[in-house]
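Step one of this worksheet: look at the structure below.
Order of appearance sets the numbers: ligands from 1, and atoms from 1 within every ligand. Side chains are part of it too, since the values below use all heavy atoms of this structure and drop only hydrogens, waters and symmetry mates. The first residue in the sequence is number 1, and the count goes up from there.
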Amino acid sequence: MNDPITRRDALRFSLAGMLAANLDAAVAAESSDPPLLTPMKDFQDVSRGTPLPHTLKGDALVQAKLTQDTWRLEIVADEKVTLQKPKKLDDNTALDFNALLELGKTHGVKFLKAMQCNNIAKPLGQGIWEGVPLRELLRLCGKSDNVRRLYYWGFHNNDPKQIFRSSLAINQVLDTPPNELPVFVAYRLNGEPIPLIRGGPVRMVVPWAHGFKSVKWLQRIVLTNDFQANDTYAEKNNDPESYLKTAAYFDDFSVEKFPMGTPITIRGTAMVGWPGLKRVEYWLRPDAGTKGVIADDDPAWSSAKWVPCEIVPFPDGEIPRDVWGLDVNGKPKEWPLRFSYCFWRLVLKDVVPGEYELRVRTVDQNGVAQPEPRPHQRSGRNLVQCKRFSVLK
Ligand SMILES: Nc1nc2c(c(=O)[nH]1)N[C@H]1C(S)=C(S)[C@@H](COP(=O)(O)O)O[C@H]1N2
Ligand SMILES: [Mo]
């Protein structure tokens with residue numbers, strides 16, 4: 001299914017269209033590169049709850065403990081776990097916003113991360129998330145024993161049926177591989193307090209995971225002896241441990257007709273998942289009359305001619321240099337950065353009039369091309385998209 005076109009897409013297209021018609025196509029391509037950090041109004045939202053927690057106002061917001069001053073985080077244990085110093089509301093030990101800021105002075109992390117839903121192709125938006133590693137909060141709780149997993153959830157209108165739950169193995173919280181980022185409890189987005197609609201005042205951020213692990217309006221963590229995921233997203237055959245996938249997406253499906261003789265610029269987004277991204281490539285062929293569908297075993301796949309696309313370069317100066325993955329000069333150590341997205345573009349020239357099918361795919365750092373190696377779409381959507389268009393005489 002095609003994604004709905006956002007206002008940003010619409011604007012981008014009309015600009016690109018105008019410029020391409022009047023100016024040199026190469027200039028047009030540069031001038032309309034989208035911003036790496038999604039403007040707040042363009043973030044797509046995936047929230048459950050009635051009423052939606054981010055629609056609460058005034059006193060309701062205070063009662064829900066969703067203001068910076070009233071926000072509290074409980075860290076408790078189930079009956080099989082011992083925990084020396086649990087953090088609880090009823091004895092006033094629950095952590096407050098200032099406790100996070102205080103820890104952030106010595107342990108703060110900043111990370112460019114795209115939010116992407118397990119079940120929606122195109123990423124929802126990306127920004128610089130800032131917070132403290134969850135393990136530093138656990139340290140405040142003293143000694144624990146028998147913990148195998150963490151369950152956590154956020155505000156849910158005090159209605160157990162509305163809990164949006166997620167979970168992590170304890171080792172995923174305590175250990176971090178070299179050059180990776182830990183799970184963290186975030187309190188800023190792009191240098192500002194996290195807006196309520198993005199899960200503020202405080203949101204869990206799991207760098208490598210699809211959106212459902214990054215619980216919004218975070219309020220409670222339970223250390224458990226259970227070894228199983230209890231994620232809300234384990235329902236409906238979703239894979240509750242799905243890492244972000246590497247995949248390419250078209251930004252715009254709306255344009256179906258191009259004039260002959262003008263270079264055609266096509267743009268999109270490439271998600272850099274767990275296996276990294278080596279390149280994005282495209283395949284253009286005459287429309288085969290199958291409405292853009294090619295069966296998995298169709299020999300057309302193996303004879304396809306894939307051509308590299310251009311990856312939009314790192315926008316120098318747009319990202320603070322203390323963000324994970326940048327060097328002292330503010331340049332990325334690898335580009336694009338893992339668990340964020342970048343933009344790709346391609347320019348088609350001298351395309352003869354006719355009907356076409358255009359596909360894009362990623363090739364990851366292991367040399368594996370999309371949609372492999374994880375064909376189960378409930379483990380992160382990864383189908384090769386097709387854009388159909390005609391070039392007019
Ligand atoms: N508390 C809570 N957290 C939540 C959700 C929710 O419904 N409630 N939705 C999750 C899902 S399924 C996704 S994809 C992301 C979406 O993040 P966004 O709304 O900031 O784009 O938030 C996750 N965190
Ligand atoms: Mo989601």
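Nearest residue to atom 4 (C) of ligand 1 from Met115, Lys216, His210 is Lys216 (criterion: closest heavy atom).
A 4.5 Å side-chain heavy-atom check between Leu358 and Phe389 finds at least one atom pair inside the cut-off.
Both tests hold for Arg361 against Trp306: distance to the six-membered ring centre under 6.0 Å, angle to the ring axis within 45°.
Scanning the protein for heavy atoms near atom 17 (O) of ligand 1, the closest one is Arg203 NH2, 3.0 Å. Given atom 12 (S) of ligand 1, the protein heavy atom at minimum distance is Tyr233 OH, 3.2 Å. Gly211 O, 3.2 Å is the protein heavy atom nearest to atom 23 (C) of ligand 1. Taking atom 24 (N) of ligand 1 as the reference point, the nearest protein heavy-atom neighbour is Ser214 O, 3.1 Å. The shortest contact between atom 6 (C) of ligand 1 and any protein heavy atom is with Phe164 CG, 3.6 Å.
With respect to the salt-bridge test (charged N to carboxylate O, under 4.0 angstrom), the residues Asp45 and Lys216 qualify. Between Glu74 and Arg220, at least one side-chain nitrogen of the basic residue sits less than 4.0 Å from a carboxylate oxygen of the acidic one, meeting the salt-bridge criterion. For the pair Arg388 and Asp287, the salt-bridge criterion is met [side-chain N within less than 4.0 Å of a carboxylate O].
Geometrically, ligand 1 and Gln44 share a nitrogen or oxygen pair separated by less than 3.5 Å. Any N or O atom pair closer than 3.5 Å counts here, and Val46 shares at least one such pair with ligand 1.
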